[in-house]
Q: 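My questions all concern the structure below.
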Amino acid sequence: MVTSSDNAISSKILGIALSFKDNENYYISLFALSLIENSKCLSLELVLSKLRPCFENQKIIKISHNHKFNFIVLCRHKIEMGGNNFDTMIAAYLLNPSKEGYELKDLFWEYLKYFKSEEKEIKKNVVMGISILDACENAQKMLKLHDILEEKMEEKNLISLFREIEMPLVKVLAEMEINGIKVNIDFLKLFSRQVDTRLGELKNTIYNLSGTEFNINSPKQLSVILFERLKLPVIKKIKTGYSTNADVLNTLASQHRVVSFILEYRELEKLKNTYIDKLPFLVNSKTKRIHTSFHQTVTSTGRLSSSEPNLQNIPIRTEMGREIRKTFIAKEEYILLSADYSQIELRILAHLSRDESLLNAFKNDEDIHAHTASGIFNLDQNIISEQMRRMAKVINFGIIYGMSNYGLAANLGIGREEAEKYIKNYFLRYQGVKKYIEREKAEARKKGYVLTLLNRRRYLEGINSKDKKIREFNERVAINAPIQGSAADLIKLAMVKIDRFFKKERFKSRLLLQIHDELIFEAYQPELEKAKSIIKEIMENSLKLSVPIKVNLKTGNNWAELN
DNA sequence: AGCACAAGCCC
DNA sequence: GTACGGGCTTGTGCTG
């Protein structure tokens with residue numbers, strides 16, 4: 001969301017927009033729908049009302065550097081922005097998604113070669129107020145930038161990804177942010193007190209067992225206690241000394257009673273500071289809901305990210321963590337509905353690699369981890385133990401991430417030779433995957449980039465680096481980016497289509513969250529059955545893969561019930 | 001105040 | 001000598 005506080009942002013904003021006629025096309029450059037506090041000459045309402053016909057006109061191309069922001073502001077003023085939109089930030093992102101940021105002044109520099117000294121002026125003007133002359137100049141730069149970005153996207157076959165997915169998605173994300181999700185604050189407050197009590201107990205226990213008081217939150221002080229005072233063995237060294245992370249503590253747990261209390265303390269501190277005590281402050285007092293921000297130009301793979309708060313990392317792994325999910329609820333007459341892709345990245349791997357064994361496993365709807373286990377342990381699938389299946393699961397994920405035998409050994413707590421053997425067996429079973437990995441790496445070396453199913457690009461500057469560490473990192477990315485990125489393509493496309501369906505049917509049900517391979521809706525009870533079937537249908541069929549795509553649906557009155 | 005770092009939450 | 005892809009937020013401890 002644009003603002004987490006209740007300050008009426010509208011009163012601080014002036015919109016300045018200029019339109020041009022050019023070869024039968026109308027352009028409107030929304031350059032300064034941003035903060036201009038000092039200006040006294042115009043009111044936002046007046047400007048917007050004059051511009052309403054432009055915003056709504058389908059023929060006019062609306063160019064701006066942050067369309068999501070514009071959608072949100074215009075939504076407050078009950079103005080619908082029609083199609084034919086061009087977001088320069090998103091265009092620049094598609095051209096190279098690995099950049100640190102996409103500030104307009106940097107794009108002016110990169111694509112228009114305006115001198116940096118001029119860019120300072122632009123920034124100053126936006127903050128201090130903007131003259132008509134400056135606005136004209138900036139609007140012209142925007143038009144020029146638009147032309148160049150569009151041309152470059154054409155060269156790289158990015159137009160359909162841009163027009164059919166990323167631009168329509170902007171409005172979907174804006175509406176998700178505006179929707180927000182309802183929370184039960186009383187529940188959190190109660191929970192906070194319980195956690196506090198337990199944390200107090202743990203603190204005392206830890207001090208007693210250590211024989212001294214210290215700041216448990218300080219890894220530095222903790223490592224003095226563990227490795228000097230208690231003389232526990234060092235498991236792992238880090239830049240600044242000895243590691244005290246959860247892996248290390250789990251290894252040390254059998255050696256001293258204090259360790260497991262520290263682990264529990266850490267878990268509760270994390271939950272309390274990051275979620276339990278934080279979420280109440282992020283509830284909007286008008287809507288009584290939490291409005292996250294979704295970012296469309298952050299990740300280098302095409303995924304979304306979420307912040308303030310991040311609603312893509314709400315705990316699920318531990319029992320205590322899952323409690324936090326109970327705080328997210330549906331409003332009256334509605335129910336939460338989740339739709340998650342089953343093993344989507346492995347299915348995409350099957351599709352991209354065309355590996356016969358992997359394809360068949362999915363076509364036959366087999367338990368994929370058990371299937372892999374039967375390959376790496378050379379055993380019949382129906383005698384695979386839970387332990388073997390767990391190990392196979394680590395390998396299945398490891399392959400997607402480009403894991404080495406060293407990493408696998410560390411993760412499974414086994415020897416290098418054993419890990420090596422499993423990997424060898426894996427590629428014996430899945431020979432097509434082996435070839436696929438080599439194909440992607442070769443492609444990256446030759447072209448300097450890799451592609452997803454829908455042509456999303458990821459450049460790999462270091463793929464031919466002399467530095468082994470850099471080169472190998474780039475190779476892992478070359479394997480992972482097409483898989484992770486294609487999954488992102490798929491769910492984004494599904495989101496756009498689902499939104500279109502909801503609009504067409506005038507549904508009251510709303511999309512609230514996206515968590516990479518999962519969508520969470522607030523479904524209007526009378527629409528539930530229809531929503532469920534259409535969501536499943538769209539998600540499973542937006543892209544045609546050579547394996548079936550499977551989506552699981554769940555409903556509940558709170559998020560914890562969606563598991 | 002701003003930074004790097006370690007840590008830990010998610011897919 | 002060797003660390004698995006992609007994110008965000010927290011607290012500590014140092015520097016300015």
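Treat the numbers as computed from the prediction; the structure is a model and nothing was measured. Numbered from 1 within each chain, the chains take letters A, B, ... in sequence-line order.
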Q: Which part of the nucleic acid, if any, lies within contact of A:Leu271, taking any heavy atom under 4.0 Å across all strands shown: a base, the sugar-phosphate backbone alone, or nothing?
A: nothing
Q: What is the distance, rounded to the nearest whole Å, between atom CG of A:Leu268 and atom P of B:dC9?
A: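 From A:Leu268 CG to B:dC9 P: 10 Å.
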Q: Ignoring backbone atoms, establish whether A:Asn215 has a side-chain N or O less than 4.0 Å from OP1 or OP2 of C:dT12.
A: yes
Q: Report yes if a side-chain nitrogen or oxygen of A:Thr301 is closer than 4.0 Å to either non-bridging phosphate oxygen (OP1 or OP2) of C:dG5; otherwise report no.
A: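 So the side chain of A:Thr301 is outside the cut-off, no N or O lying under 4.0 Å from OP1 or OP2 of C:dG5.
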Q: Check the distance between C:dT12's C1' and A:Asn245's CG and give it to me in whole angstrom.
A: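 So the two atoms are 16 Å apart, to the nearest Å.
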Q: Would you give the length of the straight line joining atom CD1 of A:Ile178 to atom CD1 of A:Ile72, rounded to the nearest 0.5 angstrom?
A: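 If I round to the nearest 0.5 Å, the distance is 5.0 Å.
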Q: Side chains of A:His295 and A:Ser307 only: does a donor on one sit below 3.5 Å from an acceptor on the other?
A: yes
Q: Please classify the nucleic acid contact of A:Lys272 as base, sugar-phosphate, or nothing, using heavy-atom distances under 4.0 Å.
A: nothing
Q: Considering only side-chain heavy atoms of A:Ile238, which listed nucleotide, C:dT10, B:dA7, C:dG5, is closest?
A: B:dA7
Q: When you get a sec, tell me which of C:dT2, C:dG11, B:dC11 is the closest nucleotide to the side chain of A:Tyr406?
A: C:dT2
Q: Tell me whether the OP1 or OP2 atom of C:dG7 has a side-chain N or O from A:Ser300 closer than 4.0 Å.
A: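 The answer is yes; a side-chain N or O of A:Ser300 sits under 4.0 Å from OP1 or OP2.
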Q: Would you indicate what A:Ala246 reaches in the nucleic acid, counting non-hydrogen atoms under 4.0 angstrom: base, sugar-phosphate, or nothing?
A: sugar-phosphate
Q: For C:dG11, take OP1 and OP2 only and decide whether either is under 4.0 Å from a side-chain N or O of A:Lys270.
A: no
Q: With rounding to the nearest 0.5 Å, note down the distance linking CD in A:Glu213 to CG in A:Asn208.
A: 9.0 Å
Q: Send over the distance from A:Glu267 CD to C:dT10 P, rounded to a whole Å.
A: 18 Å
Q: Is the centre of the A:Tyr422 ring less than 6.0 Å from the centre of the A:Tyr426 ring?
A: no
Q: Just how far is it from atom NZ of A:Lys421 to atom CZ of A:Arg416, taken to the nearest 0.5 Å?
A: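 The CZ atom of A:Arg416 is 15.5 Å from NZ of A:Lys421, to the nearest 0.5 Å.
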Q: When rounded to the nearest Å, what value does the distance between C1' atoms of B:dG8 and C:dG1 take?
A: 27 Å
Q: Over all strands shown, is A:Gln221 touching base, sugar-phosphate only, or nothing at heavy-atom distances under 4.0 angstrom?
A: sugar-phosphate
Q: Starting from P on B:dC10, measure out to CG on A:Asn310 and report it in whole angstrom.
A: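 In whole Å, B:dC10 P and A:Asn310 CG are 11 Å from each other.
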Q: How long is the line joining CG of A:Leu346 and C1' of B:dC11, in whole Å?
A: 13 Å
Q: Look at the side chain of A:Asn313 and decide which nucleotide, out of C:dT10, B:dA7, B:dC10, has an atom nearest to it.
A: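 It is B:dC10.
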Q: Starting from P on B:dG8, measure out to CG on A:Leu263 and report it in whole angstrom.
A: 8 Å
Q: Base, sugar-phosphate alone, or nothing: which one does A:Ile316 contact when heavy atoms must sit under 4.0 Å apart?
A: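 A:Ile316: backbone/sugar contact only, no base atoms under 4.0 Å.
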Q: Take the protein atom CG of A:Asn273 and the nucleotide atom P of B:dG8, then report the distance between them rounded to whole Å.
A: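 So the CG-P distance, A:Asn273 to B:dG8, works out to 13 Å.
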Q: Touch check for A:Ile400, heavy atoms < 4.0 angstrom, all strands: base, sugar-phosphate only, or nothing?
A: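 Since no nucleic acid heavy atom lies under 4.0 Å of A:Ile400, the category is nothing.
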Q: Strictly below 4.0 Å: does A:Arg303 bring a side-chain N or O up to OP1 or OP2 of B:dC11?
A: no
Q: Classify the nucleic acid contact of A:Arg458 as base, sugar-phosphate or nothing, counting any heavy atom under 4.0 Å across all strands shown.
A: sugar-phosphate
Q: Taking 4.0 Å as the cut-off, does a side-chain nitrogen or oxygen of A:Gln484 come that near to OP1 or OP2 on C:dG7?
A: no
Q: Taking only side-chain nitrogens and oxygens of A:Thr244, does any of them come within less than 4.0 Å of OP1 or OP2 of B:dA7?
A: yes
Q: From A:Lys447 NZ over to A:Arg457 CZ, what is the distance, rounded to the nearest 0.5 angstrom?
A: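 It comes to 8.5 Å.
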Q: Just compare B:dC11, B:dG8, C:dG6 and give me whichever is closest to any side-chain atom of A:Ile515.
A: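 Selected nucleotide (nearest to the side chain): B:dC11.
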Q: Counting the atoms with a prime plus P, OP1 and OP2 as sugar-phosphate, which does A:Arg476 contact under 4.0 Å by heavy atoms, base, sugar-phosphate, or nothing?
A: sugar-phosphate
Q: Please classify the nucleic acid contact of A:Gly398 as base, sugar-phosphate, or nothing, using heavy-atom distances under 4.0 Å.
A: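 The answer is base, as A:Gly398 lies within the cut-off (heavy atoms under 4.0 Å) of a base atom.
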Q: Among B:dC10, C:dG5, B:dA6, find the nucleotide with the atom closest to the side chain of A:Asn480.
A: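 Per side-chain heavy atoms of A:Asn480, the pick is C:dG5.
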Q: Could you grab the distance from atom OH of A:Tyr275 to atom CG of A:Leu311, nearest 0.5 Å is fine?
A: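 Answer rounded to 0.5 Å: 10.0 Å.
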Q: The side chain of A:Ser307 lies closest to which of these nucleotides: B:dC9, C:dT9, C:dG11?
A: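 The answer is C:dT9.
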Q: Using a heavy-atom cut-off of 4.0 Å across all strands, would you classify A:Phe473 as base, sugar-phosphate, or nothing?
A: sugar-phosphate
Q: May I ask you to decide if the ring planes of A:Phe397 and A:His369 are parallel, tilted or perpendicular, using 30° and 60° as cut-offs?
A: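 Taking A:His369 first and then A:Phe397, their aromatic rings sit tilted (interplane angle of 30° to 60°).
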Q: Does B:dC9 have OP1 or OP2 sitting under 4.0 Å from an N or O in the side chain of A:Thr274?
A: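 For B:dC9, neither OP1 nor OP2 has a side-chain N or O of A:Thr274 closer than 4.0 Å.
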Q: Which sits closer to the 5' end of DNA chain C, A:Lys469 or A:Gln312, going by the nucleotide each is nearest to?
A: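 Upstream on the strand: A:Lys469.
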Q: Give the rounded distance in Å between these two atoms: NZ of A:Lys237 and P of C:dT2.
A: 11 Å
Q: If you check every side-chain atom of A:His516, which of C:dG6, C:dT10, C:dG5 has the closest atom?
A: C:dG6
Q: Please check the phosphate of B:dC5 (OP1 and OP2 only) for any side-chain N or O of A:Lys239 closer than 4.0 Å.
A: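 So the side-chain polar atoms of A:Lys239 do come within 4.0 Å of the phosphate oxygens OP1 or OP2 of B:dC5, strictly under.
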Q: Measuring to OP1 and OP2 of B:dA7, would you say a side-chain N or O of A:Ser243 lies under 4.0 angstrom away?
A: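 Yes, within the criterion.
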Q: Ignoring backbone atoms, establish whether A:Arg266 has a side-chain N or O less than 4.0 Å from OP1 or OP2 of B:dG8.
A: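 It does, given that an N or O in the side chain of A:Arg266 lies less than 4.0 Å from OP1 or OP2 of B:dG8.
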